[in-house]
Amino acid sequence: MSAQPASLPPSPLPEDRKAPLARALEGLDAPSLWWLSGYAAGLAQAAAPAVALAKPSVAAPPAASLRATVVYGSQTGNARRAAEQLLGDLEGAGLAARLVRADAYPTRELTQEKLLFVVISTQGEGDPPDDSIGFVEFLNGKRAPKLAELKFAVLGLGDSSYADFCGIARKLDARLAALGAQRLFALGEADLDIDTAAAPWRRQALEQARELLKSATPSATVTPLRPHASAAAHSHDKPFAAEILLNQRLTGRAPKGARYGEYGAVGKDVRHIELSLEGSGLHYEPGDALGIRHRNPAALVESVLEAAKLDGNADVAIDGEPRPLHEWLSDRRELPRLSRPFLAALAERGGDASLAALLQPEQRAGFAGLVDTHQLVDALRRWPAAWDANALVSALRAPTTRLYSIASSRKRVGDEAHLTVDVLRYDAHGHAHGGAASGFLSALDEGDRAEVFVEANERFRVPADASRDILMVGPGTGVAPFRGFVQERAETGASGRNWLFFGAQHFDADFLYQAEWQDALKRGELQRLDLAFSRDQAEKIYVQQRLRERGREVWDWLQGGAHFYVCGAIAMGKGVHAALIDIAAEHGALDRDAAGEYLTGLQAEGRYLRDVY
């Protein structure tokens, strides 16, 4: 145990009260602990005797009415970063503020809040991030209070290739206003090039906070309500050039009769990639993701230049010195994914009424179908238009990093991070297509380097209590984090049982890490393994069906305190959720509403955790 700082008095707690308190605090993340410390300080101040006391070494936090609260909901870390930037702006200006993740925010405090900033991403087709489900449901529910004293602003993060762009942020913005709160300024809507919208929104937030809080906090500085960690050597903004140690194909050749769309020319291509983090200072826990800065494949760049009828050597001067167009398209612009702003520019330049019609608000289904079936190059070919190099670059978004779940535990692999990458290849509209980031990674040889950073996922961790059982549902590459979970639990000697549900199309070609799982079963590192291969028989079988078949045992594990994890595609996650509703209803004798509330309770306890995308 580390020694207490000399400036602190001895602990007033008797020994028999310290252990229960430590257990109660176990598992809380850093923002929650710092909020709790401020809350406890406020209680202590209220309970203090009315006599002069020595000034404490740490300033007590201001009352709730005299501070700004920043609540964030984040699925991939972008909203969290934007919220942290706002908190830094506020604290840097000497204003009292606190940062709270949505699932840690005590909703009973809403009626006392005076200034609230919400930064939230939209997941998939208009869903809230997992850490915000309870917060959103509370505000939309009957128990939400009137908020006549509250002033607020909302920043939404989304992807304009989805029909319901920033949908959750729009709904929260409208709901807070409907509850009587006063909107300080218009909703901010950030696309994948986040800072284009987030930076001006933060400036407005800071200006409004200064105006509202300056009389309450007139001093030049205010003690921050959280510690400021020293800047990491490598991060999202300063990635590390990691060396490729291994790039190995996991999947076999295509089964006889398989379609190209399922497997590509020589079969489905899933890679196991090992990268060295030696010397980076980067650390991760199982459940975290590795961010990848990729280059667009040369073939894709050439296809875009051909479709736009442009010369790749043409100079483009935007925000600095001129660069060749092919360099912009290779490194500085998002190419595969369509966005609403680009389609709007294409419709205007080409004058196509059918494309313009698809961009209308009432055409959400048609727009969603377009972006789901077309890449940017497909749109350029389908709706020819006159482009110049500057106009094309201006219409495209800045590139976005891709996140891949880390498939290893540092306790087993040391200064390495392992990834499981599905290389996207398919035919559409008469041309071959591929994924930009997965194609980039698959082409790297041992000794090559990729720019990487660690994206923490504090809500997707193995249980702090090593005696807890865990159930893991990870079809396809969704199994990646669970490879790290099983390694971590084995290396730490966790006594809880591990049960994995894995699914794919074909046993022979797609059973990822088959030998490892079989070895883990023999060594007792994995207690149960249930498999679902959807195309090996006439009836398609998925992991949610296996869950229902094992429903009695799944229910018994949950009733015994097990943690339940899901990783993979959003549609799969919804299917698993529906299966859990069925299991709770059948084996827990609950009606559908009560079964849903049971799962909500598991999420609130941190025992039902999802990483879906």
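These values consider heavy atoms only, across backbone and side chains, with no hydrogens, waters or symmetry-generated copies. All figures in this text were calculated on a predicted structure; none of them were measured in a lab. Nothing fancy with the numbering, it's 1 onward along the sequence.
- A heavy-atom distance below 4.5 Å is found between the side chains of Arg550 and Trp499.
- In this structure, the side chains of Leu147 and Leu176 come closer than 4.5 Å at one or more pairs of heavy atoms.
- Residues Leu150 and Gln182 fail the side-chain proximity criterion, which asks for heavy atoms closer than 4.5 Å.
- Under the 4.0 Å criterion applied to side-chain N and carboxylate O atoms, Lys268 and Asp422 are assigned as salt-bridge partners.
- Side chain of Arg402 to main chain of Thr400: a donor-acceptor pair is present (N/O by atom type, distance under 3.5 Å, no hydrogens or angles).
- Side chain of Arg468 to backbone of Gly561: a donor-acceptor contact under 3.5 angstrom is found.
- Here the closest heavy-atom approach between residue Trp517 and residue Leu512 is recorded as NE1-O, 3.1 Å.
- Using a cut-off of 4.0 Å between Lys/Arg side-chain N and Asp/Glu carboxylate O, Arg592 and Glu597 are scored as not salt-bridged.
- Considering Ile406, Thr477, Ile273 as possible partners of Thr420, the one that fulfils the side-chain contact (heavy atoms from CB on, under 4.5 Å) test is Thr477.
- Note on Glu109 versus Arg98: salt bridge recorded, some NZ/NE/NH1/NH2 to OD/OE distance being below 4.0 Å.
- Here Leu419 contributes atom CG and Leu290 contributes atom CG; the two are 5.5 Å apart, rounded to the nearest 0.5 Å.
- If you take CE on Met472 and CG on Leu529, they are separated by 9.0 Å, rounding to the nearest 0.5 Å.
- Side chain of Arg546 to backbone of Leu531: a donor-acceptor contact under 3.5 angstrom is found.
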Apply ring pair (Phe, Tyr, Trp, His ring centres under 6.0 Å) to the pair Phe511 and His506, showing each step before the final yes or no.
CA-CA 7 Å; Phe511 193 172; His506 296 276; over 10 Å; no

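- By the 4.5 Å heavy-atom criterion applied to side chains, Val479 and Leu500 are counted as neighbours.
- Across all non-hydrogen atoms, the minimal contact from Pro145 to Leu110 is CG-CB, 4.4 Å.
- Judged by distance alone, with hydrogens and angles left aside, the side-chain atoms of Thr122 form a donor-acceptor pair with the main-chain N or O of Ile168 at under 3.5 Å.
- Gly156 and Leu187 get closest at one heavy-atom pair: N-CD1, 4.2 Å.
- Taken to the nearest 0.5 Å, the CG atom of Leu172 stands 7.0 Å off from the CG atom of Asn140.
- Nearest heavy-atom pair, Gln75 versus Val612, reported as atom, atom and distance to 0.1 Å: NE2-O, 3.8 Å.
- Residues Ser405 and Arg483 have side chains not in contact (no heavy-atom distance under 4.5 Å, counting atoms from C-beta outward).
- Considering CZ of Phe165 and OG of Ser160, their distance stands at 5.5 Å, rounded to 0.5 Å.
- A salt bridge between Asp469 and Arg528 is absent, with no side-chain N of the basic residue lying under 4.0 Å from a carboxylate O of the acidic one.
- Using a cutoff of 4.0 Å between basic side-chain nitrogens and carboxylate oxygens, Arg175 and Asp173 are not scored as salt-bridged.
- The pair Asp288-Arg461 meets the salt-bridge criterion, since a charged nitrogen lies less than 4.0 angstrom from a carboxylate oxygen.
- Note on ring orientation: taking the six-membered ring where Trp is involved, the planes of Tyr565 and His563 are parallel (angle under 30°, cut-offs 30° and 60°).
- Geometrically, Arg607 does not engage Phe564 in a cation-pi contact, judged by NZ or CZ lying under 6.0 Å from the ring centre and within 45° of the ring axis.
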Determine whether Arg410 and Glu285 satisfy the following criterion, salt bridge (Lys or Arg N to Asp or Glu O under 4.0 Å), listing intermediate values before the conclusion.
CA-CA 7 Å; Arg410 293 180 68 248; Glu285 298 293 332; over 6 Å; no

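- Between Pro475 and Phe502 there is no side-chain heavy-atom pair separated by less than 4.5 Å.
- Of the possible polar contacts, one joining the Ser408 side chain to the His418 backbone as a donor-acceptor pair under 3.5 Å is found.
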May I have the step-by-step check of salt bridge (Lys or Arg N to Asp or Glu O under 4.0 Å) for Glu455 and Arg81, ending in yes or no?
CA-CA 10 Å; Glu455 185 64 61; Arg81 274 192 295 273; 2.3 Å; yes

Set out, in order, the CA-CA distance, both residues' side-chain angles and the distance that settles side chain to side chain donor-acceptor pair (under 3.5 Å) for Glu113 and Thr69, then state yes or no.
CA-CA 8 Å; Glu113 294 284 5; Thr69 293; 3.0 Å; yes

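- Between the side chains of Gln545 and Glu549, at least one donor-acceptor pair of N or O atoms lies under 3.5 Å.
- Panel note: side chain Thr251, backbone Val270; a donor-acceptor pair is recorded below 3.5 Å.
- You'll find the ring centres of Phe117 and Tyr72 outside the 6.0 Å limit.
- Between Arg548 and Glu553, none of the side-chain N atoms (NZ, or NE/NH1/NH2) sits under 4.0 Å from a carboxylate O, so this pair counts as no salt bridge.
- Looking only at distances, no side-chain donor or acceptor of Arg101 sits under 3.5 Å from a matching main-chain atom of Asp103.
- With hydrogens and angles ignored, the 3.5 Å screen pairs no side-chain donor or acceptor of Glu488 with any backbone N or O of Ser409.
- Taking all atoms of both residues into account, the shortest heavy-atom contact from Ala562 to Leu471 is CB-CD1, 3.6 Å.
- When all heavy atoms of His236 and Phe453 are compared, the closest pair comes out as CD2-CZ, 3.4 Å.
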Show the numbers, then the answer: is there a ring pair (Phe, Tyr, Trp, His ring centres under 6.0 Å) between Phe485 and Phe460?
CA-CA 10 Å; Phe485 277 28; Phe460 206 73; 5.6 Å; yes

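- At a threshold of 4.5 Å between non-hydrogen side-chain atoms, the residues Leu192 and Arg337 count as touching.
- Centroid-to-centroid, the aromatic rings of His272 and Tyr513 come within less than 6.0 Å.
- Ion pairing between Asp130 and Arg610 holds under the 4.0 Å rule for side-chain N and carboxylate O.
- Between Phe135 and Phe138, the gap from one ring centroid to the other reaches at least 6.0 Å.
- In this structure a side-chain-to-backbone donor-acceptor pair under 3.5 Å is present from Asn498 to Glu525.
- At a threshold of 4.5 Å between non-hydrogen side-chain atoms, the residues Val119 and Val71 do not count as touching.
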